[in-house]
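Report on the structure given below.
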Amino acid sequence: MIAKVIVDVPVSQTDRPFDYLIPDDLEPVVEPGMRVVVPFGPRKLLGFVVGKEQHSELKKIKPIESVVDHTPVLTDELLELGSWLSETALCFTVSAYLAMLPAVMKANYKKYISVADDKALQENYPGVYDFMTKQQKPVEWESIVKNQPSYLKDLQNGIKKGWLSVEQKVEDKRKEKRVKMISPADYINLHKALEDMDKRAEKQKKVLRFFLNRSQNEPAVLSELLKELGVSRPSVKGLVDKGYLIEQEVEQFRDAYARSDIKPTSALTLTDEQEEVLKPIEEDIASGHHHVYLCHGVTGSGKTEIYLQAIEKVINMGKEAIVLVPEIALTPQMVHRFKGRFGSEVAVMHSGLNKGEKYDEWRKIHTGKVRVVVGARSAVFAPFKNLGIIIIDEEHETSYKQEENPRYHARDVAIFRGTFHNCPVVLGSATPALESFARAQKGVYRLASLAKRINNQSMPEVMMIDMREEIRNGNRSMFSKVLHDKLLDRLDKSEQSVLFLNRRGYSTFVMCRDCGHVIQCPHCDISLTYHRRHAELKCHYCGYQESLPNSCPSCQSEHIRYFGSGTQKVEEALTRMIPEARVLRMDVDTTRRKGSHEKLLKAFGDGKADILLGTQMIAKGLDFPNVTLVGVLAADTMLHLPDFRASEKTFQLLTQVSGRAGRHEKKGEVVVQSYTPDHYAIVHAGNHDYNGFYNQEMRERQSHRYPPYYFLALVTVSHTEFPKVVDVTESITNVLKQSLTQTAQILGPVAPPIPRIKDRYRYQCMIKYKNEPNLLNVLNKIQSHYQEAFTKDNLHISIDVNPFILM
DNA sequence: AGCACGCCGACT
DNA sequence: GTCGGCGTGCTC
C-alpha cells in the first residue's frame, strides 16, 4: 500500500502529496489524518497522511519511517478543509494542517552526532574526538552550535569523511500527564483470591480487601492507594503479576477550571423575540439543514441564552457544538455561563492557557470527552466529527481574521464546516460587520433580529460632548465638565463608573516642543511609544527600545516631552482631579500576568473600586449591575486611521461600550467625548441606530469601491532595499493588470501606512474586484513564481485575500 | 527549507 | 593539484 503524504516543508515546490510505501506491519495502522515520520531527501520530516492508494506511478518509493499518532488527528473533513484553505487563503497545505492542531503537535527537528570511526577521528581531529568521547551519548547538533562553535568545522569535515555519523530525529513536543490506575481484573473473584493468598502476604491481602470494600471494580490511583494503605509498590505489583489486579495508564487532563466554583444553571424562559430567533435554528438542528443565521441583537438582548438553548438541543441529539468568542471577550464571566449550563461537557480554548493546557483541552475534544468547545478563533478547527451547530459571537470582531499565514477568517471556516456537517452557523452581534449585514439583506444569510433588551430595559441615554467647546471654555483637561460632574455624582451614590480610553492610533509619542521633532524607531517608520514604567521608548512593531532622552536629539532643546494619552496618564489626571475615587486600571501592563485579568474584574465586581479605567479589553462582555455610567474619553481617535473600516470600527466600539451601562435595574448613562461629535459614526452610535449607520456607511463604501461592494486582495512586498521593493511591486502590478478583467481595479504600487518595519521597506498593491474567477490562480502563480527569487534574495511577499488590516 | 552536486578562483 | 565559495535543482 502507498500513503500520500504532505511533508512539513512549507514551500510551493513541495506543496503536494508525496508517495510513501506503507510497511506491512504498519499497513493496518496507517490511516489518513495521521502524522508520520518520513525520509525526505537526506533528512527526516513530519508528514500528514492524506490518502491511501494501492499503487504508485513512481519507481523509487521510500517507506514510512514511523507513525506518530495512534488515531488520526485530522478527520477527513479537516483534511479537505486544509486543502480548501491552501487554495483560498494562498497558504501551504502543511501550514493549514498545523494551524488546526495545538502548537505542541508541531515537529521538533533535531540532529544528533555520534562517532562512527574511532581510529580515523582520533588521528585526524583529536580535539573533536576527545570532545565526543567525553560526551558519551550522541550529541545534539544545535547544542554544539550554541556552546562549542569552534568544533563545527572539524565536525562537518568528519561527517563528510564518514568518521562521524548523523542521526535525524523528529520529536514531538506533546506530553500527556499520565497516572497509573489499579483495578481488580473483571473475571477474578476477590474473595476466592483472598483465600488463595499465601498466609504471609499480609500487605497483598490488605490491598485485596481494599478493593473488596470498594464498589464494583472501580479503579484507584496507584500513588493514592499506596499512601492510603501504607503498602509499597511491590505488593501491588505482585498482585498484578498474579493476574488479580490490572494496572493501566490513564491520561490525566489538566483542568484550568477544576477549582473554580461554578454554579450549575438551567434554561431561562425566553422572550417571544428570543423564541422567534431560536425556532428556525432548532428546526435546522433537528432536520440537519445548513443555513447561516445573522442574529442582530442589541446589547443585553439575550443572545447568549439563545446560544445555550440551541446547544442544549444539539447535545440532546448526540451532536457537538463550537462557540467562538473573540479572545478579548473570553472572560471568566463568559466561560462560567457555558460551564454552568453544560458542566464538564465544555472545553475552553483561549490564549491564557499554556501549551500543555491547550493540548489537554484539544484532547478532550479529540477523544470525545466533551461536546462543546468555547474558544477563540482557532477553536473553529475543533476535531469534532458530528457537529450540530457553530456559533460565532460578536461576529464583527476583527480578531476572527488571522493576520499571518494561513490568513483565514473563522467565519469562512465555520461556513465550510457547517455546509459539510449540514448544521446551522449562527453569527451574533449587536453591530454586525457590514459584509454580514449586506449578505443578510440579500438573503444569503437569514436575518434574525432582537430589538429589545430582556426585561424591557431601555437603552442607556447617550450624551455627546464636543471637546472643542470645552477647550474654548478654558477646560484643557481630558475630562469634560459634564463627565467630571457625573463621576462625582456616582461617587456620592456609591455607584460605579467605567471609563473607556480608545488608545488605538493614539500612542503616546515623544515630541520636542521647540522644533517639533518626534522620536522615531530607527528600524521602522513609526514613532516610538513612551512607557512610563521604565521611562523607556518602545517600538510596537519590532520591539526596539531606548531610554527617554533628556534633550532633543535634533535641536538639543530640553523641552522634550510625551504627548498623547495612555491609560497611565489618564489615571494620574483622574486621581489628581478626584483624589477620593478608587481607580482600577486595566490595560496590557496591568493584565500581563496570568489570571490578573480575572482578579481585576472580580475586585471591581466586588465593589473594591469606584471607577474602572481601561482600553479595548473592557469594551466587551462586562456585566456589572452597579455600573450606571460609562465614559468614552476620546471617541474619534480611531476615526482618522488610514483604514476604510475606521467609521465602522468606531461605531461598533461606541455601541459596545455604551452597552456596558445600566444592564440591570438601575438606568445607565453614557458620556461620549469627541472632537467630531457630528461624524455620522458617532451620531448613529449615540442614537443606537444600526440601520441608520449601515445605510450611510454602505453609500460611502459604494462610492469608494470598498467591501461589501467590492472584494479586496492585498499584495505586500518587503525588502531591505527600497528600489528593489518598488521594482518588484511594479512588475507584480503589471502582471495583475494583464491577467485580470477590465472591471478589476489595481491600485499600486503604493507605500503602505507604515512604509518600513524592522529595517525592511514595504510596498503594496491592492486589488479591488467584483468577480475574478481567475484571481486566486494568478495570485498563486505570482507567489510561486517570485518565491524562489524571494527566498534567496531575502525578498518577502505576502498575499492577503480579504485583508482586514491594510498596513 | 535543507542539503548535495557541481563548477570556478586562491591557496598548500 | 585541492579547499571552499555559493548557484542550481531535487526531495516520494
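Just so it is clear, the values below take in all heavy atoms, side chains as well, and ignore hydrogens, waters and symmetry mates.
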Base, sugar-phosphate alone, or nothing: which one does [X] contact when heavy atoms must sit under 4.0 Å apart?
X        : value
A/Pro17  : nothing
A/Leu58  : base
A/Gln168 : sugar-phosphate
A/Tyr20  : sugar-phosphate

To the nearest Å, give me how far apart [atom1] ([X]) and [atom2] ([N]) are.
X        : N      : atom1 : atom2 : result
A/Asp15  : B/dA1  : CG    : C1'   : 13 Å
A/Arg43  : B/dC3  : CZ    : P     : 6 Å
A/Phe92  : B/dA1  : CZ    : P     : 8 Å
A/Ile159 : B/dC3  : CD1   : C1'   : 12 Å
A/Tyr109 : B/dC3  : OH    : C1'   : 15 Å
A/Lys169 : B/dG2  : NZ    : P     : 20 Å
A/Lys111 : B/dG2  : NZ    : C1'   : 9 Å
A/Phe40  : C/dT11 : CZ    : P     : 8 Å

Measure from the side chain of [X], starting at C-beta and using heavy atoms only, and say which of [options] lies closest.
X       : options               : value
A/Lys62 : C/dG4, B/dC3, C/dC12  : C/dC12
A/Phe18 : C/dC12, B/dA1, C/dG4  : C/dC12
A/Val11 : B/dA1, B/dC3, C/dC12  : B/dA1
A/Gln13 : C/dC12, C/dC10, B/dC3 : C/dC10
A/Val9  : B/dA1, B/dC3, C/dC12  : B/dA1

Contact check, side chains of [X] and [Y], non-hydrogen atoms, under 4.5 Å:
X        : Y        : answer
A/Thr14  : A/Ile6   : no
A/Cys423 : A/Arg417 : no
A/Ile782 : A/Leu736 : yes
A/Asp8   : A/Phe40  : no

Checklist entry - Between A/Glu361 and A/Lys369, is there a side-chain N and carboxylate O pair less than 4.0 Å apart? => result no
